[in-house]
Colleague: 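Got a structure for you, questions after.
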2 protein chains.
Amino acid sequence: MAKSPGQAKAPQKAPGNQPKTARGEATRKAILSAAERVIGARGYNDASIGQITSEAGVAQGTFYIYFATKEQVFSELVLEMGRLVRHTIAEATQGIFDRLDAEKAGLTAFLEFVRAHPDLYRIVQEALFVDPQAYREYYLTFADGYRAGLVAAEEAGQISAGDAETRAWALMGIGRSLGEQLVVFEADKPIPEIVASAHDLIANGLKP
Amino acid sequence: MAKSPGQAKAPQKAPGNQPKTARGEATRKAILSAAERVIGARGYNDASIGQITSEAGVAQGTFYIYFATKEQVFSELVLEMGRLVRHTIAEATQGIFDRLDAEKAGLTAFLEFVRAHPDLYRIVQEALFVDPQAYREYYLTFADGYRAGLVAAEEAGQISAGDAETRAWALMGIGRSLGEQLVVFEADKPIPEIVASAHDLIANGLKP
DNA sequence: ATGAAACATGAATCAGTATTCATGTTTACC
DNA sequence: GGTAAACATGAATACTGATTCATGTTTCAT
């Protein structure tokens, strides 16, 4: 009676509980990874919780121990993709101080990444409709970093002067489009060839 | 009895019946146009037939007189968007014989179009998940035309030599990304400024 | 004018599936 | 070695929304 009722527990209710055990950790990861595969392959709406949990080898209810909604697991995938891509590119351009060289290395790394993770690529695209906020964050963060890099390169005299903001979006667009050519349109051209052509365009433009 | 039953009619069953009357024509157009607005605004999955028909001012059942499924109306919108964009750009570059000038005019026309039709822009993006076939056709058709133009320009000595296929995808990506900056990220930079920066990049590249 | 085809209605059907829940099982810690 | 929290189960719930259909109304060729 004097137990101050209804305060001391939120066991299986709280949204997106973090696991507190090794077992829980593993299960959560299994679900997230299954979600990546299932949603990537069938799209958000055609992917069902049943498919995801079955792919993960757990019961349907288990999903809701770790994720509050179907949308939440999707959001996390988008976030993860953002971190992975930025990390991959940062790694690949580490220690390259000439911007044009870095541009080439970054594009190569990006294209290799999307070829290796076609599911994640599609998931980001779909975020525009499923989780616009996550989508915006993904591209705005990316664009910001890109622009900062271009400004620095311009100040260092490594590239010509120009509007870094527009350039950043344009260059992002090149990467995105070439990535899509690989993943969605299944072009089989070798990445180095694609990068060589694209880099020539980026460095020198179309002028004869 | 001798009426050869079940052969002589398919009145309200056939998929996507074309209208045969002025009235029907008008109704179909009203539904298509309502669908553009509703799907563009809420996305394919959150848009319901009820919303579309209500926006069009007809009853729910009327939808199925003209479209076999929800997906079909979507497909038609993607197709229409493709025709419109190609037509708009063709018109804007009509009579411009220098490729770099045409590139500038085409980009301007494209950006103005997407700013005027944000709904259609989003619909094409979503087609990747709702109607992949239509999506592929949209971009493959576009890329093909683009590539042909670049090949011709190269032969005419108007642009430097290079892989037209990769260049076409890269340039498409620039347009797409800048269009998205306008529509999705609601940048308010004037189109001529964007085009000027982008065109400088396209013509001259980043080299100092 | 009139009958058949075309068009329109909106309530009922029907299936899919996200989410919940009552009930067990396992783990961590004393 | 016992117990409370954490984890797991899968059947039941609950709702949404696409599609159908039986029934009217309008149009148009003759």
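Throughout, protein chains are lettered first and strands after them, A, B, ... in sequence-line order, and every chain is numbered starting at 1.
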Colleague: Whole Å only: how far is the NZ atom of A/Lys20 from the P atom of D/dA5?
Modeller: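 Taking NZ of A/Lys20 and P of D/dA5, I get 11 Å after rounding.
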
Colleague: Write out a two-atom table: protein N or O, nucleotide N or O from nucleotides 16-18 of chain D, distance below 3.5 Å.
Modeller:
residue, atom, partner, partner atom, Å
D/dA18, OP1, B/Ala47, O, 3.4
D/dA18, OP1, B/Lys70, NZ, 3.0
D/dA18, OP2, B/Ile49, N, 2.7

Colleague: Just how far, in rounded Å, is C1' of C/dT23 from CD1 of A/Ile65?
Modeller: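 My rounded result for the distance is 13 Å.
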
Colleague: Without swapping roles, check the side chain of A/Thr53 against the backbone of A/Gly50 for a donor-acceptor pair under 3.5 Å.
Modeller: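 Checked: pair present.
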
Colleague: Measure from CZ on A/Phe67 to C1' on D/dC7 and round the result to the nearest Å.
Modeller: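 In whole Å, D/dC7 C1' lies 14 Å from A/Phe67 CZ.
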
Colleague: Just so I know, are the side chains of A/Thr27 and A/Tyr66 near enough to count as touching, which here means a heavy-atom distance under 4.5 Å?
Modeller: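 Sidechains of A/Tyr66 and A/Thr27: in contact.
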
Colleague: May I have the distance from B/Ile31 (atom CD1) to C/dC7 (atom P), rounded to whole angstrom?
Modeller: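 Going from CD1 in B/Ile31 over to P in C/dC7 covers 11 Å.
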
Colleague: Can you find a side-chain donor-acceptor pair between A/Glu76 and A/Gln72 that sits under 3.5 Å?
Modeller: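 There is such a pair between these side chains.
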
Colleague: Can you tell whether the side chains of A/Arg176 and B/Glu180 come within less than 4.0 Å, N to carboxylate O?
Modeller: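 Yes.
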
Colleague: Rounded to the nearest Å, what distance is computed from the CG atom of residue A/Asn17 to the P atom of nucleotide D/dA6?
Modeller: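 From A/Asn17 CG to D/dA6 P: 9 Å.
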
Colleague: Could you check, using the six-membered ring where one of them is a Trp, whether B/Tyr139 and B/Trp169 have ring centers closer than 6.0 angstrom?
Modeller: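 No, the ring centres sit 6.0 Å or more apart.
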
Colleague: To the nearest Å, how far apart are B/Gln18 CD and C/dA5 P?
Modeller: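 Those two atoms, CD and P, are 20 Å apart.
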
Colleague: Is the gap between the ring centers of B/Tyr121 and B/His117 under 6.0 Å?
Modeller: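 No, the ring centres sit 6.0 Å or more apart.
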
Colleague: Between B/Glu91 and B/Arg86, is the closest basic N to carboxylate O distance under 4.0 Å?
Modeller: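 No, this pair does not count.
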
Colleague: A side-chain contact here means heavy atoms from C-beta on lying under 4.5 Å apart; do A/Thr69 and A/Phe74 qualify?
Modeller: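 A side-chain contact under 4.5 Å is absent here.
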
Colleague: Roughly how many Å is it from CD in B/Glu25 to P in C/dA8, rounded to a whole number?
Modeller: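 Going from CD in B/Glu25 over to P in C/dA8 covers 12 Å.
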
Colleague: Roughly how many Å is it from CZ in B/Arg28 to P in C/dA6, rounded to a whole number?
Modeller: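 Rounded to the whole Å, the gap is 15 Å.
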
Colleague: Which residue lies toward the 5' end of DNA chain D, B/Thr21 or A/Thr27, if each is placed at its nearest nucleotide?
Modeller: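 First, find each residue's nearest nucleotide; the 5'-ward one identifies A/Thr27.
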
Colleague: So if I take residues 34-41 of chain B and measure heavy-atom distances to DNA chain D, which residues fall below 4.0 Å?
Modeller: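 Correct list: empty, so none.
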
Colleague: State whether B/Lys104 and B/Asp101 are salt-bridged, where the test is any N-O pair (Lys NZ or Arg NE/NH1/NH2 against Asp/Glu carboxylate O) under 4.0 Å.
Modeller: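 Answer for the salt bridge query: no.
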
